[in-house]
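Comments concern the structure below.
Below, chain A is the first sequence line, B the second, and so on; all start at residue 1.
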Amino acid sequence: MDGTAHRLPAADDDPGEVLVDWYATAARDLPWRRPGVDPWGVLVSEVMLQQTPVVRVEPVWRQWMARWPTPAALAAVSPAELIRAWGKLGYPRRALRLREAAVALVERHGGVVPPDVTALEALPGVGTYTARAVACFGHGQPQPVVDTNVRRVVARLVHGRAEAAPARSADLADVAALAPTDPARAVRFAIAVMELGALVCVARTPRCGACPVRNACAWRQAGCPAADGPPRRVQKFAGTDRQVRGRLLDVLRAAEGPVAAVQLDQAWPDAVQRSRCLDSLLVDGLVEQTGDRRFRLPA
DNA sequence: GAGCCGTGGTC
DNA sequence: TGACCAAGGCT
């Protein structure tokens, strides 16, 4: 007697197993999911995808992988070139951190992306989520992977709540409890939960009619109650330092060489705020000052 | 741990 | 139209 015959009936109503099968038919064809993409390609994609939509990442990821297919290749590139190649993905500090990570990979890991979560988390710009995503999707390890999609799916499916609670340490255990025991299926499960959150169990208007695990969903069984917690407020953007920094960087990205301070004046009318933001860009290493008091992307 | 760090699309 | 949202990380 092998155990297979006893596992099969359970799989029909085991949400973890159902999601793996659903993913096989519903998954998007994204370039970083294709066969042959190595852990480096996965790492680059995960950093680019931090807070940035898939559609904007796709073309940039293709360019980066064509130009810098290894950590060593990226480690040799100047910050200025990377900031320009980052384009309008946003949060350009990620480009600098990815370069720092590449340098660390060359210096500490022989130029390869390590498989263990602890070593990955030690890399600049790699936190709890990204480290597990790379270990799981890049190295095939059955790690629990928790992002905002997964927290939302678990909140509804398991806890019967409309919205994801703030990240907490128990999230990893919640997801691990849903995962199939077979390691290969556990790996696909990790990406399947994220895909469900991205395509079906979305934040604003969930498509419950298309959900493969709707019959097991605690939120649906509870009648889809509205969110009860305090309304989380979204960050402003217009008029903030983030917008001003973006404007300043825009000027420097477009310029051929160093630009005088007077050229940066046109980026934002408020001199005090403009100066503060330029200083913060210098501190962050996104801008450098030349000897003749002009400014440029760091060489 | 709350606030900061870009950008653009959607409803 | 403006709030909301998008595969987080860092301080």
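In this structure, A/G127 reaches the sugar-phosphate backbone alone: every heavy-atom distance under 4.0 Å involves primed, P, OP1 or OP2 atoms, never a base. Within the nucleic acid shown, A/R232 comes within 4.0 Å of sugar-phosphate atoms alone, with no base atom in reach, counting heavy atoms only. Looking at heavy-atom distances under 4.0 Å, A/L89 makes contact with a base. Note on A/S280: nothing from the nucleic acid sits closer than 4.0 angstrom, heavy atoms only. Residue-level contact check: A/A203 touches the backbone only, with heavy atoms under 4.0 Å from sugar-phosphate atoms and none from bases. No contact: A/T240 has no heavy atom under 4.0 Å from any strand. In this structure, A/W61 reaches neither bases nor backbone, as no heavy-atom distance under 4.0 Å exists between it and the strands shown. Residue A/R56 is in base contact, counting any heavy-atom pair closer than 4.0 Å across all strands shown. If you check every strand for non-hydrogen atoms under 4.0 Å, A/R152 touches sugar and phosphate atoms only. Here A/D241 lies in heavy-atom contact (under 4.0 Å) with sugar-phosphate atoms only.
Protein atom CZ of A/R247 is 14 Å distant from nucleotide atom C1' of B/dG8, rounded to whole Å. Separating the CH2 atom of A/W86 from the P atom of B/dG6 is a distance of 12 Å, rounded to the nearest angstrom. We find that CD of A/Q235 is positioned 13 Å from C1' of B/dT7, with the value rounded to whole Å. Straight-line distance from the CD atom of A/Q243 to the C1' atom of B/dG6: 10 Å, rounded to whole Å. The CG-P distance, from A/L96 to B/dG6, rounds to 10 Å in whole Å. For the pair A/R84 CZ and B/dG6 P, the interatomic distance rounds to 17 Å; values are reported in whole Å.
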Identify each donor-acceptor pair in which a side-chain atom of residues 279-288 of chain A lies under 3.5 Å from a protein atom, sequence neighbours left out, and give them as a table.
residue	atom	partner	partner atom	Å
A/S280	OG	A/R245	NH1	2.7
A/S280	OG	A/C277	O	2.8
A/D284	OD2	A/R245	NH1	3.0
A/D284	OD2	A/R245	NH2	2.8
A/E288	OE2	A/R296	NE	2.8
A/E288	OE2	A/R296	NH2	3.0
A/E288	OE2	A/A299	N	3.4

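In this structure, the side-chain hydrogen bond (donor to acceptor under 3.5 Å, both in side chains) partners of A/D292, at least two apart in sequence or on a different chain, are A/T290, A/R294. Not a single ring-ring contact (aromatic ring centres under 6.0 Å, His included) links A/W219 to another residue, sequence neighbours left out. Partners of A/W268 by ring-ring contact (aromatic ring centres under 6.0 Å, His included), not counting sequence neighbours: none found. In this view, A/W64 and A/W68, A/W86 satisfy the ring-ring contact (aromatic ring centres under 6.0 Å, His included) rule, not counting sequence neighbours.
Taking 3.5 Å as the limit, the base of B/dC5 and the side chain of A/Q51 contain no donor-acceptor pair of atoms between them.
Around CZ of A/R242, the count of heavy atoms belonging to other residues, nucleotides or ligands within 6.0 Å exceeds 12. Within 6.0 Å of the CZ atom in A/R293, the count of heavy atoms belonging to other residues, nucleotides or ligands does not exceed 12.
In this model, the phosphate group of B/dT7 is approached by a side-chain N or O of A/R253 to a distance below 4.0 Å at OP1 or OP2. A/R94 has no side-chain polar atom (N or O) that falls below the 4.0 Å cut-off from OP1 or OP2 of B/dG6.
Mapping A/S45 and A/P124 onto DNA chain C by nearest heavy atom places A/S45 closer to the 5' end of the strand. Annotation: of the two residues near DNA chain C, A/E46 and A/R204, the 5′-most nearest-nucleotide partner is A/R204. For the pair A/L286 and A/R233, nearest-nucleotide mapping onto DNA chain B gives the more 5' position to A/R233.
When the P atom is compared between B/dA2 and C/dA7, the two are found 22 Å apart, to the nearest whole Å. Rounded to the nearest Å, the gap between the P atom of B/dG3 and that of C/dC4 is 16 Å.
A salt bridge between A/E58 and A/R28 is absent, with no side-chain N of the basic residue lying under 4.0 Å from a carboxylate O of the acidic one. Using a 4.0 Å cut-off between a side-chain N of Lys or Arg and a carboxylate O of Asp or Glu, A/D174 and A/R151 do not qualify as a salt bridge.
Taking every nucleotide of DNA chain C with any atom under 4.0 Å from a non-hydrogen atom of chain A, the first and last of them, 5' to 3', are C/dA3 to C/dC10.
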